[in-house]
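Here the structure is a predicted model, which means the values were calculated and not measured. Every number for a ligand or one of its atoms is a count from 1 in the order of the listing.
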Amino acid sequence: MLRPLIMGNWKMNGTLAEGRAFVRQLCTLLEGSSNVDVCLCPPFTLLQEIRDQIGLTAIFLGAQNVHHADKGAFTGEVSIPMLQELDCTYVILGHSERRSYVGETDAMIARKILAAQSWGITPVLCVGESLEVRDNGEGERHVLAQVRNCLDGAQAEPLVIAYEPIWAIGTGRAASTAQAAQMLKAIREALVSMYKDAGASVRLLYGGSVTAANISEYLASEYANGALVGGASLQAEEFASIVRQAETVPCITK
Ligand code: PGA
């Protein structure tokens, strides 16, 4: 089994004071925690503060997006070297909210993935189908096309993939464990066919209305290596409970 990874995607939430209080509480709740990787992905404005707060703890830092260029005339954007300077280990890319609200395409995401990998930052590629696509029986084809297109030219390492059905994000309507497992299995098979053995080491996360009440069901499946958590990552107690439950999953060490 791969070491579980639990990521908190705060989206556009959190003031400095809230971020500080959250991390203080989380560190206390997670004291003595091991064998699971935990990553917080706050808004850009909080990265430096959260970096300082997590200090020498084992918690990793991630960003929610990045530009593919190292620097230049791209008003409003943030570059990978900037994230690296703030000790970001991960960057979420291709989240469905960015695909639908900002118009990010697979080609744009592919460029960002290549850039992140070239700087040694782990891209967390998000893929997922809408309800309409699923109901038309096109879910798997759609998701696997996203995987192939977004990984065009990319390596299997460093890489994480999060399967996040759009209809499950922020809706309270989480995918069933069977639905999640079926798609994660298809993604795993695609990765192995693309990368051979290296495809077996990519961590696959489930995301979409994950809570402390349902996380153990997903992690019980051999196909989920962790979770990308949105709403439930905003409460330290709930997020810590998710991490604690992930700790009980047998895994290899870091
Ligand atoms: P949610 O969001 O847990 O609030 O559904 C997940 C995500 O968008 O990553």
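Residue E97 has no nitrogen or oxygen atom sitting less than 3.5 Å from a nitrogen or oxygen atom of ligand 1, judged on distance alone. Polar contact with ligand 1: absent for G207 (N/O pair, distance under 3.5 Å). On a distance-only criterion, T171 and ligand 1 share no N/O pair closer than 3.5 Å. Where the criterion is an N or O separation shorter than 3.5 Å, residue side chain and backbone included, V229 fails it with respect to ligand 1.
Using modelled atom types, one side-chain atom of Y218 and one backbone atom of A175 make a donor-acceptor pair closer than 3.5 Å. Put simply, the side chain of Q235 never gets that close to the backbone of A232: no donor and acceptor are under 3.5 Å apart. Side chain of Q155 to backbone of Q117: no donor-acceptor contact under 3.5 angstrom is found.
Using a cutoff of 4.0 Å between basic side-chain nitrogens and carboxylate oxygens, K185 and E189 are scored as salt-bridged. Between E104 and R99 no salt bridge is recorded (no basic side-chain N to carboxylate O distance below 4.0 Å). Under 4.0 Å is where a charged nitrogen must lie from a carboxylate oxygen, and between R203 and D37 at least one such pair does.
Nearest to atom 4 (O) of ligand 1 among the protein's heavy atoms is G231 N, 2.8 Å.
Contacts of I169 with ligand 1, taken as heavy-atom pairs under 4.0 Å, involve both backbone and side chain.
The L228 neighbourhood of ligand 1 comprises atoms 9 (O), with distances under 4.0 Å to a heavy atom of that residue.
Between the choices S209, C41, S233, A232, the shortest heavy-atom distance to atom 1 (P) of ligand 1 belongs to S209.
In summary, the side chains of R188 and N225 do present a donor paired with an acceptor at a separation below 3.5 Å, with no hydrogens or angles considered.
Contact analysis puts A168 in contact with ligand 1, with a non-hydrogen atom separation below 4.0 angstrom.
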